[in-house]
There are 2 protein chains.
Amino acid sequence: MAAENYDVFQAIADPTRRQVLQMLAGRNLPISKITSHFQISRTAVVKHLRILSEAGLVTSEKIGREKRYHLKPEPLFEVKDWLGFYEQFWDNKLTRLKYVVETEEETD
Amino acid sequence: MAAENYDVFQAIADPTRRQVLQMLAGRNLPISKITSHFQISRTAVVKHLRILSEAGLVTSEKIGREKRYHLKPEPLFEVKDWLGFYEQFWDNKLTRLKYVVETEEETD
DNA sequence: TAATTATAACACCTTTTGGTTTCATTTCAA
DNA sequence: TTGAAATGAAACCAAAAGGTGTTATAATTA
């Protein structure tokens with residue numbers, strides 16, 4: 001991969017990376033274990049892990065010949081903060097029903 | 001742009017698109033007005049708007065020769081929901097049990 | 001020691017992204 | 001009614017993203 005500074009928003013944009021994060025929730029796993037859950041190559045997984053690492057969402061620790069990855073959810077705070085701003089623009093009663101009702105009020 | 005189904009996570013990954021969303025918070029603006037806030041070309045802005053539109057984050061309405069864009073924050077609920085799962089890892093309180101930590105099929 | 005396991009480091013490839021320029025069409029307004 | 005304003009649409013481009021395979025190195029284990 002080319003870019004060296006990955007943003008947390010970019011990091012979570014990829015579905016595979018979101019899956020990796022979920023896999024690391026609650027348990028720490030080595031690369032091989034993570035890779036075995038995907039169809040893509042280990043090299044590809046490692047690249048995703050590097051992006052997550054650059055975004056601060058995971059850390060790693062070498063244990064013997066393994067490299068264990070840990071979830072670090074702290075950078076997600078930024079996303080939460082960002083979302084907080086937009087909450088004032090949605091109607092909680094409607095969004096509670098999640099995608100069931102599509103409103104079409106156009107307020108100028 | 002090639003892809004036709006933009007995910008909300010992908011849509012908000014780009015800083016320019018996040019700025020566009022912020023510009024549309026509270027007021028509806030035509031393309032020309034949005035473009036004037038950026039250095040990039042109108043065409044580039046339109047492409048960002050299409051991506052936001054495909055993600056359901058904006059809608060547009062034609063008024064005369066203008067095309068006014070409106071913020072539709074509802075899809076952001078998916079992001080909030082997703083974040084909710086990770087909050088239990090930075091707090092100690094359990095937020096939701098909607099996403100259950102996947103119990104591994106492989107025992108070490 | 002030798003074979004195996006886990007990872008690292010490259011080189012390389014294809015598609016997508018984010019941008020450009022150019023030209024056409026529609027609408028408003030003097 | 002004619003020109004400016006606002007948008008649409010197409011062709012094109014460089015770089016980044018996401019993937020591959022190969023080879024090398026370090027740690028384990030039979």
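No hydrogens, no waters, no symmetry mates; every other heavy atom, side chains included, goes into these values. It should be emphasised that the depicted structure is a prediction, and the values quoted were computed from it without experimental measurement. Letters go in sequence order (proteins before strands), and every chain restarts at 1.
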Nearest whole angstrom, please: distance from the [atom2] of [N] to the [atom1] of [X].
{"X": "Y6(A)", "N": "dT17(C)", "atom1": "OH", "atom2": "P", "result": "13 Å"}
{"X": "L29(B)", "N": "dA5(D)", "atom1": "CG", "atom2": "C1'", "result": "17 Å"}
{"X": "I40(A)", "N": "dT14(C)", "atom1": "CD1", "atom2": "P", "result": "19 Å"}
{"X": "K33(B)", "N": "dA6(D)", "atom1": "NZ", "atom2": "P", "result": "9 Å"}
{"X": "E54(A)", "N": "dA16(D)", "atom1": "CD", "atom2": "C1'", "result": "13 Å"}
{"X": "E61(B)", "N": "dT7(D)", "atom1": "CD", "atom2": "P", "result": "13 Å"}
{"X": "R50(A)", "N": "dA16(D)", "atom1": "CZ", "atom2": "P", "result": "14 Å"}

Report yes if some heavy atom in the side chain of [X] is under 4.5 Å from a heavy atom in the side chain of [Y]; otherwise report no.
{"X": "E61(B)", "Y": "I63(B)", "result": "yes"}
{"X": "F38(A)", "Y": "Q19(A)", "result": "yes"}
{"X": "L24(B)", "Y": "H70(B)", "result": "no"}

Strictly below 4.0 Å: does [X] bring a side-chain N or O up to OP1 or OP2 of [N]?
{"X": "T43(A)", "N": "dG21(D)", "result": "no"}
{"X": "H48(B)", "N": "dT17(C)", "result": "no"}
{"X": "K47(B)", "N": "dG19(C)", "result": "no"}

As a test of reading the structure: which of [options] is closest to the side chain of [X], going by heavy atoms?
{"X": "P30(B)", "options": "dT7(D), dT27(C), dT7(C)", "value": "dT7(D)"}
{"X": "E66(A)", "options": "dA4(D), dA6(C), dG19(C)", "value": "dA6(C)"}
{"X": "K67(A)", "options": "dT7(D), dA29(C), dA8(C)", "value": "dA8(C)"}

| Pair of N/O donor and acceptor under 3.5 Å linking dT7(C) base with R65(A) side chain | no
| said: Classify the ring geometry of Y86(B) against W82(B): parallel below 30°, tilted from 30° to 60°, perpendicular beyond 60°. | reply: tilted
| message | Which residue in the set L76(B), I51(B), L71(B) passes side-chain contact (heavy atoms from CB on, under 4.5 Å) when paired with L57(B)? | response | L76(B)
| message | Can you work out whether R42(A) or Y69(B) has the more 5'-proximal nearest nucleotide on DNA chain D? | response | Y69(B)
| field | Nearest-nucleotide comparison on DNA chain D, the residue closer to the 5′ end among S41(A) and K62(A) | value | S41(A)
| Nucleic acid contacts - residues 8-23 of chain B versus DNA chain C, non-hydrogen atoms under 4.0 Å | Q10(B), D14(B), R17(B)
| Should the heavy atoms of other residues, nucleotides or ligands under 6.0 Å from CD of Q39(A) be counted, would the total exceed 12? | no
| field | Atom pair CG (L49(A)) and OH (Y69(A)), whose distance is rounded to the nearest 0.5 Å | value | 5.0 Å
